[in-house]
Amino acid sequence: MKKLLNTTVGGILSGLLGTLFGFLILGAYWSYSNSVELSYFLENIASKSLLYRDSILTVSTLFNVLIFYLAIRVEWWKFCRGILMVIMACVPIIIWFQMQAGIS
């Protein structure tokens, strides 16, 4: 398992899945706290709201920081490189979302 995960590609795939998992956790929490369906969050807040897209991506990406920390603890350096690549790729997207909303 270590040889399969401790690669740059394994880190990138885990980073993408971590971002997706963070998005789903955020959406489920938001939906629960506002007493609406998850589909409402996906259709109206995540996809149509210009003001919240950057915040949603930021929180979703922060989920990867936990994965990165755990990977550093077990010294999976190649895996960490892949996770960090995903985090760094999300930063320009977050900035672009902020510019689209006019709040940068």
Is there a path of hydrophobic side-chain contacts, each under 4.5 Å between heavy atoms of I/L/V/M/F/W/Y residues, joining [Y] to [X]?
X   : Y   : answer
L20 : I45 : yes
I93 : V86 : no
V36 : L26 : yes
I67 : M88 : yes

Sequence neighbours left out, what pairs pass side-chain hydrogen bond (donor to acceptor under 3.5 Å, both in side chains) with at least one residue falling in residues 20-32? none

Distance check, rounded to the nearest 0.5 Å: [X] atom [atom1] versus [Y] atom [atom2]?
X   : Y    : atom1 : atom2 : answer
T58 : I94  : OG1   : CD1   : 3.5 Å
K78 : L5   : NZ    : CG    : 13.5 Å
I87 : T61  : CD1   : OG1   : 7.5 Å
E37 : L42  : CD    : CG    : 11.0 Å
F63 : L17  : CZ    : CG    : 10.5 Å
L50 : Q100 : CG    : CD    : 7.0 Å

Which residues, ordered by chain and number, are linked to Y69 in its hydrophobic cluster, where ILVMFWY side chains connect at heavy-atom gaps below 4.5 Å, directly or through other members? L66, L70

List, by chain and number, the other hydrophobic cluster members for L13, where Ile, Leu, Val, Met, Phe, Trp and Tyr join if side-chain heavy atoms come within less than 4.5 Å, directly or indirectly. V9

Kindly give the heavy-atom pair with the smallest separation between T7 and G10, and that separation in Å. OG1-N, 2.9 Å

Among all residues two or more places apart in sequence or in another chain, which pass the side-chain contact (heavy atoms from CB on, under 4.5 Å) test with F68? I72, C80, I83, L84

Apply ring pair (Phe, Tyr, Trp, His ring centres under 6.0 Å) to F79 and list each qualifying residue two or more places apart in sequence or on a separate chain. W76

Set of side-chain hydrogen bond (donor to acceptor under 3.5 Å, both in side chains) partners for T19, sequence neighbours left out: N64

Checking F41 against Y52 for the ring-ring contact (aromatic ring centres under 6.0 Å, His included) test, could you report, in this order, the C-alpha distance in whole Å, the side-chain angles of both residues, the deciding distance, and whether it holds? CA-CA 11 Å; F41 174 79; Y52 296 118; 9.3 Å; no

